[in-house]
Amino acid sequence: MSMDKASADCPYPGCFFCVMKEGNPSKRRASILKFFRELPSQDDDGQVLPISGLWNTAMAHPNDPEFIELGIFECMSALIWKGLKNRRWLSHDQNIYIPYYAAHIIGSYTMNMEEFADRAVRAGIIPPLVELLRGRLTWVEQRVAVRALGHLATYASTFPAVASHGEILELSIQLAMSSLEIVYSHFYQYVDRRLSYHCDLLTRGMGGVEMESRKAEEWASQLQCWSLQLINCFAFKPEFLPTICKLEFLTKLPGMWGGLVNESSPAGTGLLRTICHHKLGRGPVAACPGIIEALCNIARSSDDWQYMAIDCLLWLLQDPSTCHKVIEKAVPALVDLAEISSLGDHKKLGDSIVNVLQECIESQGTGRTQINSHVKEEVEELLNSKQRLKWEKNMPKEDLHIKQAAALVVKLEGNSLFSSGNISGAAAKYSEALALCPMRSKKERVVLHSNRAQCHLLLQQPLAAIGDATRALCLHHPVNRHAKSLWRRAQAYDMLGLAKESLLDAILFINECSQSNDPDLSLRQNKVPDYAERLVKKQMRAAWLFREATIKHGGVQCEGDAGDMCDQETDDSEWETASESEMGNEERDEIGDDICGWENEVERKDKYKKASSKEIKHGYNVQLTEDNV
């Protein structure tokens, strides 16, 4: 790496790091410019050192234009081509790291600044990135290539250049579907076959096998989610929807959720929302009953994708060409959500839901829209409750207090029936109390819905339990933060075998437990109920990102034990859920308490362990950020 100037104390002539210390700005720029021009044609040892330094600089200062103006994109593009075409050079010294660093540098400098992205496209970086996306090297380079291309595709000025390479969309779709299997079979499964440079990149040389495995799961999630992000850019353009809306791909989208390692990514649900925004996309989505059912489950959830799924269902119902295909599944889910006031930045979301449902009722009998009697009754009951709310606004306060007192009496009757073991009778009383309780008495209605959800659980009616728990969570302030309802819905999802949904609710329940200000729990802060820990562990295995790949390819092979499986799953019978074990009896004793706070459900004798909610998640809460390697 010949340079004109070097530090007198540095043993390496032309050291890039010494050039960076040059005090004269003109000389510094000239030396850096020369470095970028000459580096791709040189075969000296130690080239990876300045490239890794540039990688650090790009992550720390992605908006700094200096290197952009001096030709860093041209240099990185040439280095990727060199690695692809000259395998002898690639295998020499530590050059194997260079294509990865080069693609990552491109991605870092193009993630915020459209003018930098324009410069990158003019520098010719797309063709070498496409070759990496094809898998010409390994999945590690695919990950940073799809990241960089995803950034370029987000800008109006550079998207056409990305789209002109027709294979990018197809490659991204295939990568989104196969990424988890690729990482599992090419890295995670065989511990003794892991490429050393992969291990170094994953852990920065600071971790052992366990850390490598954990980071591999994180990177696999990012590979999938960044592929979805790139596809999402294409999905905004109707002309690409026929390619995206293939049945094989669409049906897999609800399961592409990023896992706990990437819980903030829009992932598959975000892409479905973009698809459903277009009429051309709604038809294929509505034609897949499994997708609609999954969207209903996501809409009832308490995670970052909830509003996205709600939007999908609303758009599908508002479209006359898709309404009749989704109405029987979508309406019950939306009825459960109609009490939600706002969700993040989405204000008056409940009102929007009610308006759409009312339009569905009014359009019955026109065209192909037909509503079965049960669904129609649910909507009419909802509309009647909204009318009740209007009437109650004009009622004297004394009358409202009388209604509230009457509801309390009936609720206590329900509690008594519940304690005596008459669960169906208790559920009927809670329904009667809900009919009496003023609509504005939200705290009391939260209690009644949550209590009725517990009755449904014990009566082995998980769908009804999910509906009531969801209504309680929508009424609660803040939304989705009522502990008992979270726990009851987690158990109901478990009964239906919906591991991801059960897991997310159980984790939120634990978070509520750890964050409670209830004085009765003050001495138990950061402790997790045994029953919740057991359910979380069970569902973490069932919802594990690599679960399908493990079933297909077998368990993890440890070094020196080719015939043995590491991390084999424990028999699920060991992880008996609370709904199947001791929770039922104690719920009978405690359901009578007002459960706006915590009461006794989490006050279980000798049933706490010293583990925080973060420990339960076992560190799997790394969000998708551009700072991850």
Peer 1: One thing to verify: whether Glu248 and Lys252 come together as a salt bridge, which I'm taking to mean a side-chain N less than 4.0 angstrom from a carboxylate O.
Peer 2: no

Peer 1: Report yes or no: do Glu141 and Thr138 form a side-chain donor-acceptor pair below 3.5 Å?
Peer 2: yes

Peer 1: Charged N to carboxylate O below 4.0 Å: is that the case for Glu167 and Arg134?
Peer 2: yes

Peer 1: Do side-chain atoms of Asn24 reach the backbone of Ser26 as a donor and acceptor pair under 3.5 angstrom?
Peer 2: yes

Peer 1: Over 60° means perpendicular and under 30° means parallel, so classify the ring planes of Trp139 and Phe187, tilted if in between.
Peer 2: perpendicular

Peer 1: Look up atom CG in Leu508 and atom CG in Leu503, then write down how far apart they are to the nearest 0.5 Å.
Peer 2: 9.5 Å

Peer 1: Does the side chain of Met59 reach to within under 4.5 Å of the side chain of His104, using non-hydrogen atoms?
Peer 2: yes

Peer 1: For Arg122 and Thr158, which I'm curious about, is there any donor-acceptor pair between the side chains at under 3.5 Å?
Peer 2: no

Peer 1: Are side-chain heavy atoms of Leu79 and Pro99 found at a separation under 4.5 Å?
Peer 2: no

Peer 1: Does the side chain of Phe35 reach to within under 4.5 Å of the side chain of Leu54, using non-hydrogen atoms?
Peer 2: yes

Peer 1: Does Cys276 have any side-chain contact (heavy atoms from CB on, under 4.5 Å) partners at least two apart in sequence or in another chain, and if so, which?
Peer 2: Arg282, Val285, Cys312, Trp315, Leu316

Peer 1: Please identify each residue that fulfils ring pair (Phe, Tyr, Trp, His ring centres under 6.0 Å) with His346, with sequence neighbours left out.
Peer 2: Tyr307

Peer 1: Listed by chain and number, what are the side-chain hydrogen bond (donor to acceptor under 3.5 Å, both in side chains) partners of Ser502, not counting sequence neighbours?
Peer 2: Gln539

Peer 1: Of all residues at least two apart in sequence or in a different chain, which pass the side-chain contact (heavy atoms from CB on, under 4.5 Å) check with Pro65?
Peer 2: Glu69, Phe116

Peer 1: Between Arg214 and Glu217, does any NZ, NE, NH1 or NH2 come within less than 4.0 Å of an OD or OE carboxylate oxygen?
Peer 2: no

Peer 1: Going by the rule side-chain hydrogen bond (donor to acceptor under 3.5 Å, both in side chains), which residues pair with Glu293 if we only count those two or more places apart in sequence or in a different chain?
Peer 2: none

Peer 1: With the side chain counted from C-beta on, respond yes when Ile96 and Val48 share a heavy-atom pair under 4.5 Å apart, and no when they do not.
Peer 2: no

Peer 1: What pair of heavy atoms forms the shortest contact from Ile292 to Ala286, and how long is it?
Peer 2: CD1-CA, 4.2 Å

Peer 1: Kindly indicate, with the supporting measurements, whether the criterion side-chain contact (heavy atoms from CB on, under 4.5 Å) is fulfilled by Trp544 and Thr550.
Peer 2: CA-CA 10 Å; Trp544 187 41; Thr550 304; 3.1 Å; yes

Peer 1: Has Tyr155 got a side-chain atom pairing as donor or acceptor with Thr110's backbone, closer than 3.5 angstrom?
Peer 2: yes

Peer 1: Between the side chain of Glu170 and the main-chain N/O of Thr243, is any donor-acceptor distance below 3.5 Å?
Peer 2: no

Peer 1: How close do Leu545 and Gly258 get, heavy atom to heavy atom, and via which atoms?
Peer 2: CD1-O, 3.9 Å

Peer 1: In terms of heavy-atom contacts, does CD of Glu239 have more than 12 from other residues, nucleotides or ligands at under 6.0 Å?
Peer 2: yes

Peer 1: Could you verify whether a donor N or O on one side chain and an acceptor N or O on the other, from Ser108 and Arg147, lie under 3.5 Å apart?
Peer 2: yes

Peer 1: Please test Val146 against Leu149 for side-chain contact (heavy atoms from CB on, under 4.5 Å), starting from the C-alpha separation and ending with a verdict.
Peer 2: CA-CA 5 Å; Val146 77; Leu149 289 167; 5.6 Å; no

Peer 1: Are the side chain of Ser52 and the backbone of Leu49 linked by a donor-acceptor contact shorter than 3.5 Å?
Peer 2: yes

Peer 1: Under the ring-ring contact (aromatic ring centres under 6.0 Å, His included) rule, what pairs show up with a residue in residues 60-98, not counting sequence neighbours?
Peer 2: Phe36-Phe67, Tyr97-Tyr197

Peer 1: For Ile106 and Ala148, which heavy atoms make the closest approach, and how far apart are they?
Peer 2: CG2-CB, 4.2 Å

Peer 1: Could you list the residues that satisfy ring pair (Phe, Tyr, Trp, His ring centres under 6.0 Å) with His186, not counting sequence neighbours?
Peer 2: none

Peer 1: Going by side-chain hydrogen bond (donor to acceptor under 3.5 Å, both in side chains), name the residues that satisfy it together with Asn112, two or more places apart in sequence or in a different chain.
Peer 2: Asn63

Peer 1: If you apply the rule side-chain contact (heavy atoms from CB on, under 4.5 Å), what do you find for Met177 with Met256, and how did you get there?
Peer 2: CA-CA 8 Å; Met177 291 193 292; Met256 298 181 188; 3.9 Å; yes

Peer 1: Count the heavy atoms belonging to other residues, nucleotides or ligands that lie under 6.0 Å from CE of Met20, then report whether that count exceeds 12.
Peer 2: yes

Peer 1: Is the shortest heavy-atom distance from the side chain of Leu132 to the side chain of Gln142 under 4.5 Å?
Peer 2: no

Peer 1: Using a 6.0 Å cut-off, check whether atom CZ of Arg88 has over 12 heavy atoms from anything other than its own residue.
Peer 2: no

Peer 1: Identify, with sequence neighbours excluded, every residue that meets side-chain contact (heavy atoms from CB on, under 4.5 Å) alongside Ala163.
Peer 2: Phe159, Phe234, Phe240

Peer 1: Nearest 0.5 Å please: distance from the OG atom of Ser185 over to the CZ atom of Arg193.
Peer 2: 11.0 Å

Peer 1: Set out, in order, the CA-CA distance, both residues' side-chain angles and the distance that settles side-chain contact (heavy atoms from CB on, under 4.5 Å) for Leu39 and Lys82, then state yes or no.
Peer 2: CA-CA 11 Å; Leu39 181 61; Lys82 187 173 184 178; over 6 Å; no

Peer 1: Please confirm whether the backbone N or O of Tyr188 pairs with a side-chain atom of Arg194, one donor and one acceptor, at under 3.5 Å?
Peer 2: yes

Peer 1: With a 6.0 Å cut-off (strictly less than), is the heavy-atom count around CD of Glu66, excluding the residue itself, greater than 12?
Peer 2: yes

Peer 1: Return the minimal non-hydrogen interatomic distance between Ala216 and Leu202, and the atom names on each side.
Peer 2: N-CD2, 3.8 Å

Peer 1: Can you check whether Ile310 reaches Gln306 side chain to side chain, under 4.5 Å on heavy atoms?
Peer 2: yes

Peer 1: Spell out, as yes or no, whether a donor-acceptor pair under 3.5 Å connects the side chain of Glu501 to the backbone of Tyr493.
Peer 2: no

Peer 1: Would you call Trp257 and Ile298 a side-chain contact if the rule is heavy atoms closer than 4.5 Å?
Peer 2: no

Peer 1: State which residue, out of Phe546, Trp219, Tyr190, fulfils the ring-ring contact (aromatic ring centres under 6.0 Å, His included) condition with Tyr184.
Peer 2: Phe546

Peer 1: With sequence neighbours excluded, what pairs up with Ser178 under the side-chain contact (heavy atoms from CB on, under 4.5 Å) test?
Peer 2: Ile182

Peer 1: In plain terms, say whether Asp505 and Lys500 are close enough for a salt bridge, that is, a side-chain N and a carboxylate O under 4.0 Å apart.
Peer 2: no

Peer 1: Report, as yes or no, whether the 6.0 Å neighbourhood of atom NZ on Lys237 holds more than 12 heavy atoms from other residues, nucleotides or ligands.
Peer 2: no

Peer 1: Please report the shortest heavy-atom distance between Ala145 and Leu133, naming the atom on each side.
Peer 2: CB-N, 4.0 Å

Peer 1: My understanding is that only one of Ile244, Thr269, Leu271 makes a side-chain contact (heavy atoms from CB on, under 4.5 Å) with Leu253; could you say which?
Peer 2: Leu271

Peer 1: Is Leu295 close to Pro254 at the side-chain level, that is, under 4.5 Å between some pair of heavy atoms?
Peer 2: no

Peer 1: Please identify each residue that fulfils salt bridge (Lys or Arg N to Asp or Glu O under 4.0 Å) with Arg119, with sequence neighbours left out.
Peer 2: none

Peer 1: Can you name the side-chain hydrogen bond (donor to acceptor under 3.5 Å, both in side chains) partners of Ser157, sequence neighbours left out?
Peer 2: Glu114, Asp118

Peer 1: Ignoring hydrogens, what is the shortest heavy-atom contact between Gln224 and Ala176? Give both atom names and the distance.
Peer 2: NE2-O, 3.0 Å

